[in-house]
Every structure is written in structure tokens, then in C-alpha cells.
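Below, chain A is the first sequence line, B the second, and so on; all start at residue 1.
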Amino acid sequence: MDTLFIRDSFLQLLSGVPLTLELTAFAFLLGLMLAMLIALMQVSRLRLVRMLAGSYVFVIRGTPLLVQIFLIYYGLGQFRPTLQSLGLWQFFREAYWCGILALSLNGAAYGSEVLRGALQSVSKREIEAAKACGMSGFLLYRRIIMPLALRQALPAYGNELILMVKATSLVSIITMMEITGIAARLISETYRPVEVFIAAGTIYLIINFLLTRVVSMLDWWLTPHLRGVPTTGNPEHAND
Amino acid sequence: MMELLQLLSFGPDGWGFALLAAAFMTVAVAVCGFLIGGIIGAVVAWGKLAGSLPVRLSADAYTTILRGIPDLLVIYLFYFGGSMAVTGLFNLWGQEGFVGVPPFVAGATAIGVVSGAYQAEVFRGAFRVLAKGEIEAGKAAGMGQLLLFRRIIAPQVFRHALPGIGNIWQMALKESALISVTGLVELLRQAQIAAGSTRKPFEFYLIAGAIFLAITWLSQRIFSWLERRAGRGISGGLV
């Protein structure tokens, strides 16, 4: 094991961090918006709307992300003339945008399941109370249902963020030079997979650790009503 | 539509047979990886629950690290790292040149090591649901360690772990698509080959996706049947 080489590759891999973070942020935010839409569709009163959202989630969750990436990046290239006439070719030509599109479509399906659970967890009483105050439709969602549901969803959605960081590694296969892309290049140049793996793995672990901290801080900030309650240790481990 | 069926035909011009064989390869590598993961998961869960402090710490480190690193990196590690190790060994033996690890072995091991980390968490969670009283009752009835495990612990842990294990199986199955980077001709790699030779990437990736979907759907059905079966005789089904 060559620590100097590990340090060296660590420094080289750092140049891929901005792209990984950028892809994560873009795809995560796009995915979140789409996930909200799908989750709302899933709790809709209209059967057709529910079925539409349900089949989307079923198809996306039932197929590998890499197949989705290939389908968008390589598969849609087959329709180049059509896409060109629609002015979309600029977009589908770039691995960057195809990657973001695939990642957000994929993330949205998983995220919508988390949000659906959270939406369904909002108690009927609170909705009834809001209705009694005269709220309905958009206002009801904006003021009561969404804030409660998002707070409920946050811890689980934090996991989705970590999964998104890991998922961005797949776009290295369609030529994007983020952390894993650079790692693959280093491995093939130096034939030292173990050292490169340690360096790249460390970077991912640091990113994921920091993001986990951010999410739990956000969770702490959003749940002031749970603070200040004296507890004797973590209730989850009380029976150990 | 006719064209699509022609692509899928089992004749000499069709890709039906190749895709079917590739689907079997996907399932085979995923099953092997999943089983390796089951063994690793059980050992690591045991380490987390009953091990001494260093054992516990290393078990925790294992699950934290493997769940925080992209699977693709792990596959690269096992494929390239494994090949380096094997080459080194063969060179010691006096054989010259590069010797590669079979992609199937590297892929199944990589899936196993990753899914083992997830399975360990599921087993651990399921074990904690077990009431202490039942283990004590088993001991009081004179059961030894092994009998206790076989009759009391294993069946209950199995029942509680099933839903989580089902999810991990689906993960392993989808992860197997990543092994295409090592050149193993599983479903995605076969679709890539077919797409390259027919210049119809859209159709073939769509077909590959559809076959994956069929496999995940079928396994979902099997797991829910298993859950019903494991939960028989328990009021309210799975608790």
C-alpha cells in the first residue's frame, strides 16, 4: 500500500467533486419537484391519475438506472432528426443533460414513494381544522399539508439524497468525468485499483457524511416542538 | 411492431435467444451475489449484535462504508483489484502475463459484498424484534444454542426480515446491470451488443428494460407469496 500514491490520487479525484455535487444538486432538485407532483397524483381522487403515477413509479423502480441512462443517451439519439426539428437535440446531445434527466426521473420515482407516505401521514384532524378555518385547495396544501408532510418526509428523503450522490457515479459510464469517472481513468492508467478505490471511497464517504449532517441539522431546525423534552437516552436503544 | 418482433425472433437473424440467455445470466449473477450477501449479512449482523467491541466496531464500519460508496466503485475494485491479485499469484507461480478474474466471479462478489452490508442491517433489525422471553423460554425448555437458533430464532427472524430482504434482492438484481462494465454478457451488455450491430439502441434498451421489469415484477410476486406463507398462523398477517 502506497500512501503517497493514495494522497496523489485523492488530490486528482478532488477535481471531480464539483461535477458530482453539481449533478447531485441539479438532479435532486428536479427530482424533488417531479416527486411532489407524482406524490400528489398518487393521492388524487381520480383513479386514472393515480394509475398513471403508479405505473410510472412501477416502471422506473423496476428497471436499472443504467438502462434508463442508456435509453435516454444512446436510445434517443436514434430520433435525432425529430429532436432536431423540435430544437431539443442540443439538449439530448449532451451526456450532462441526459445524465441529469435520467437521474431526476429515477430519483423522482423513489422520492415520490417517500412523499406519498408523508402526505398520507398528515392527520385528518389537522386537515379538518384547516377546512373549518376556511382553507381549501391550494392554501390548504401550502399552509398545512405540505409543511407537515415535508417535515415528516425529511429523514427518509435525506437517504434519497445519499442515494443520489451514489447514483451520479453511473453517468461516468456515459463519459462524464466526475469522481468515479476520474477513478476509472486512474485505475486504467496506473493499474492500482485498491489505492484509487480507497481515495475515491474516502471522498464519497466525506460527502455523504457532510450531507447527512446537513439533513439532520435541517431536521432539528424543523422540529422545534420535539426539542427541550427531557428524555433518558435514545428511546430506540432504551431496550438494549 | 412487426419489426420489433423480428428483432426478438429466435431465428438466426433474431436476438431472442441471445437475450434470453443474457436474462438467465443476469438472474444467475444476481442470485449468486445475493446469496453471498446473505452469508456476509448474517455474519456481520451477528458481529453487530454479539461481538466484542472491536468486532462490533468493524461490523459497523463495514456497513457504513459499503452503504456510502457507489456500487460501481466496488465493482471496479473487485474486477480490477481481483485481476491484479490473481495475476500476482500466477506470477509467483512462475506464469507470466496478465490473468483476469472471470467477470462473473468479480461481479457476484461485488454484489455480495454490497448487498451483505444492507442485509446485515435487515437481519439485525429483525433480530431485535424477537422477544427476549422467547429465547429464555427456549433455553428453559432445554434447547441448546443450535436447536434454539433453528427452531426459535431463525424462523422468526426470517419472517420479520422478509420484506427488507425482498427490497435488497431487487437492489441486487438492478445492480447486476452495472456488471456490464466488466464485459459480462448479461442483459444490458447483450442489449448493447445488439444495439451496436443493428443500430437500434432505443429498441434494444427498451427491450432490456422490459425484461428487467418482468423479472422484478415476478420476484415481487414471489416475495409477497413468501411473506404470506411465513406469516400464516399469525393474526393480522405480518406484524
Query raised in the report: Would B:Phe78 and A:Phe197 count as a ring pair (Phe, Tyr, Trp, His ring centres under 6.0 Å) if you check the C-alpha gap in whole Å, the side-chain angles of each, and the deciding distance to 0.1 Å?
Result: CA-CA 10 Å; B:Phe78 277 88; A:Phe197 174 81; 8.0 Å; no
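Interface summary for chain B: among A:Val196, A:Val67, A:Thr202, the most heavy-atom pairs under 4.5 angstrom belong to A:Val67. When each of B:Thr216, B:Leu77, B:Leu187 is scored by its heavy-atom pairs under 4.5 Å with chain A, the top score falls to B:Leu77. Interface remark: of the candidates A:Tyr204, A:Phe70, A:Phe209, A:Phe70 forms the most heavy-atom pairs closer than 4.5 Å to chain B. The most heavy-atom pairs under 4.5 Å with chain B, out of A:Ile203, A:Thr180, A:Leu163, A:Asn208, come from A:Thr180.
Residues B:Ile111 and B:Ile179 meet the side-chain proximity criterion, which asks for heavy atoms closer than 4.5 Å. Between B:Tyr76 and B:Pro70 the shortest side-chain heavy-atom distance does not fall below 4.5 Å.
Ion pair A:Arg116/A:Glu113 flagged as a salt bridge, since at least one NZ, NE, NH1 or NH2 atom sits closer than 4.0 Å to an Asp/Glu carboxylate oxygen. Salt bridge B:Glu136/B:Lys132: absent, no basic N to carboxylate O contact under 4.0 Å.
Of the atoms belonging to A:Leu76, heavy atoms from both backbone and side chain fall under 4.5 Å from chain B. Contacts of B:Leu206 with chain A are made by both backbone and side-chain atoms, with heavy-atom separations under 4.5 Å. At a 4.5 Å heavy-atom cutoff, A:Thr168 makes no contact with chain B through either its backbone or its side chain. Residue contact with chain B, scored on non-hydrogen atoms closer than 4.5 Å, involves the backbone and the side chain of A:Ala200 alike. Looking at B:Thr64, the atoms closer than 4.5 Å to chain A (heavy atoms on both sides) all sit in the backbone: N, CA, C or O. For chain A, the nearby parts of B:Glu203 are the backbone and the side chain; heavy atoms of each come within less than 4.5 Å. Looking at A:Ile187, the atoms closer than 4.5 Å to chain B (heavy atoms on both sides) all sit in the side chain, from C-beta outward.
Using a 30° and 60° split on the angle between ring planes, B:Trp15 and B:Phe204 fall in the perpendicular class, above 60°.
Checked against the 6.0 Å centroid threshold, B:Phe34 and B:Tyr118 do not count as a close aromatic pair.
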I'd like a table of donor-acceptor pairs (distance under 3.5 Å, sequence neighbours excluded) in which one partner is a side-chain atom from residues 4-15 of chain A, with atom names and distances.
residue, atom, partner, partner atom, Å
A:Ser9, OG, A:Phe5, O, 2.7
A:Ser9, OG, A:Ile6, O, 3.3
A:Ser15, OG, A:Gln12, O, 2.7

